[in-house]
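Report on the following structure.
Just follow the structure's listing: the first ligand is 1, and inside any ligand the first atom is 1. By convention here, the first residue in the shown sequence is residue 1.
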Amino acid sequence: MSGTNQRIDGKRLWDSLMAMAEIGATPKGGVRRLTLTDVDKDGRARFRGWCETLDLKVRVDAMGNMFARREGRDPTRLPVLMGSHLDSQPTGGKFDGALGVIAGLEVMRTLHELNIQTEAPVELINWTDEEGSRFGRSLMGSGVWAGVYPQDAAYGWADIDGVTVSDALDRIGAKGEHPAKPFPADAYFELHIEQGPILEREGKQVGVVTGAQAQVWWDAVVTGQDAHAGTTPPSARKDALLTAARIIALVDEMMRAHGDDGRGTVGWLQVVNASRNVVPGEVRFSVEFRHPETAAIEAIAAAFPQRAAEIANANRTPLDLKELFLLPHQPFDPGCVGIVREASARLGYTTRDIISGAGHDAVYVARSVPTAMIFTPCKDGLSHNEAESIEPEEAEAGTQVLFQAVLARANR
Ligand code: HGY
Ligand code: MN
Ligand code: MN
Ligand code: MN
């Protein structure tokens, strides 16, 4: 049976999405499933259990990336991959990442239930630490797998409490023996919510993702001098938080200089040894910019450090800026994008081509495997927010497209 006229089970998909959302559920209806925490461990265990029920062979690599494999008829064929991530933002939504993993599970369940034997093997992946909010670099697991980050460097990255990636992997038993390195694969398809307003605004059911925008991330530390709030006159102050505030205004200015395509964010800030009656002597914060064009990000990456340093020096509070990564615009594979477009049309869904504003594991996987993404709309375009929400039929539509795209590629 080829499966082209088969359908996934939308109710089973939704039930599993809700079951995964119970793990790390927050009172406001979101999830907190920070990477490599006990909650992530529970999510991984539930995912593994579901996969093993389908007789999938699960393996884990040195970065905790999980691969659930279904053999094909022809063992010489390269596997068709699909997946996303189960880790979330500190106060994230139920669907960011989880949709792509659970949709892939639904594809595997449908293949299993209908006893469809694809020509090529199919693998479902849960990537470690896509969000980057705990250890400071997004797409960490796929980034090491793709060779973007050296594994031993990643092992040494630490969270705000000084826990390293290596320790965290060990602590939840997620450090697998397989090398976190690219292996030959035929294609990678990732289903994800758009995390923006375009599909909903235009009433489109499916986003055919042609690529992902460029971005650059820094860690910033401003060093001033702790001083008494009551006795220190303006002329003697070295106020690190004042400098940070001026740099935050600079980030906003540089974002707006690129019009509606500009994105500039300071999402995390820490006043070290904060106290209401101490002039802040040290402030740490994150900086990131994004833009569809690589050239715009390269221009920002050249200009921002200098302008920020000028602000810091003018206030006698030196700035240390560490560039974490610069990601160019990543185009996806035209052949795989075409498969997504054809599958959507065959299923009768309305579509539009779209560039991803968010980063995704697909961005790094695309460096070594022909890759495409499928987007579903999300309510008010809201994501990285506990109110993130999609409709069951939207989840189903995206999963049907994923199912047909994987079938088309695995049986070509
Ligand atoms: O930041 C991102 O783009 C991704 O959602 N982690
Ligand atoms: Mn069975
Ligand atoms: Mn995501
Ligand atoms: Mn995210």
Exercise. Taking 4.0 angstrom as the limit, do Asp186 and Arg412 come out as a salt bridge?
Worked result: yes
Problem set entry | Atoms of ligand 1 close to Ala358 [distance to a heavy atom under 4.0 angstrom, numbered from 1] | 3 (O)
Exercise. Do any N/O/S atoms of His85 come under 2.8 Å of the Mn ion (ligand 4)?
Worked result: no
For this session: Decide, yes or no, whether a salt bridge links Asp38 with Arg171 under the criterion of side-chain N to carboxylate O below 4.0 Å.
Result: yes
Problem set entry | Contact check: Asp96 to the Mn ion (ligand 4), N/O/S below 2.8 Å | yes
For this session: Would you mind finding which of His192, His85, Glu131, Arg290 brings a heavy atom closest to atom 2 (C) of ligand 1?
Result: Arg290
Exercise. Is there any N or O on Glu288 that sits under 3.5 Å from an N or O of ligand 1?
Worked result: no
Exercise. Is the closest side-chain donor-acceptor distance between His85 and Asp129 under 3.5 Å?
Worked result: no
For this session: Go through the steps for Arg352 and Glu194 under the test salt bridge (Lys or Arg N to Asp or Glu O under 4.0 Å), then give the verdict.
Result: CA-CA 12 Å; Arg352 67 103 85 195; Glu194 178 199 335; over 6 Å; no
For this session: Look at the side chain of Glu388 and the backbone N and O of Leu382, then say whether any donor-acceptor pair between them is shorter than 3.5 Å.
Result: no
For this session: Return the orientation label for the Tyr188 and Trp127 ring planes: parallel under 30°, perpendicular over 60°, tilted otherwise.
Result: perpendicular
For this session: Take the Mn ion (ligand 4) as the vertex and measure to NE2 of His384 and OE2 of Glu131; round to 10°.
Result: 120°
For this session: Tell me, please: is His384 in heavy-atom contact with ligand 1, that is, under 4.0 Å?
Result: yes
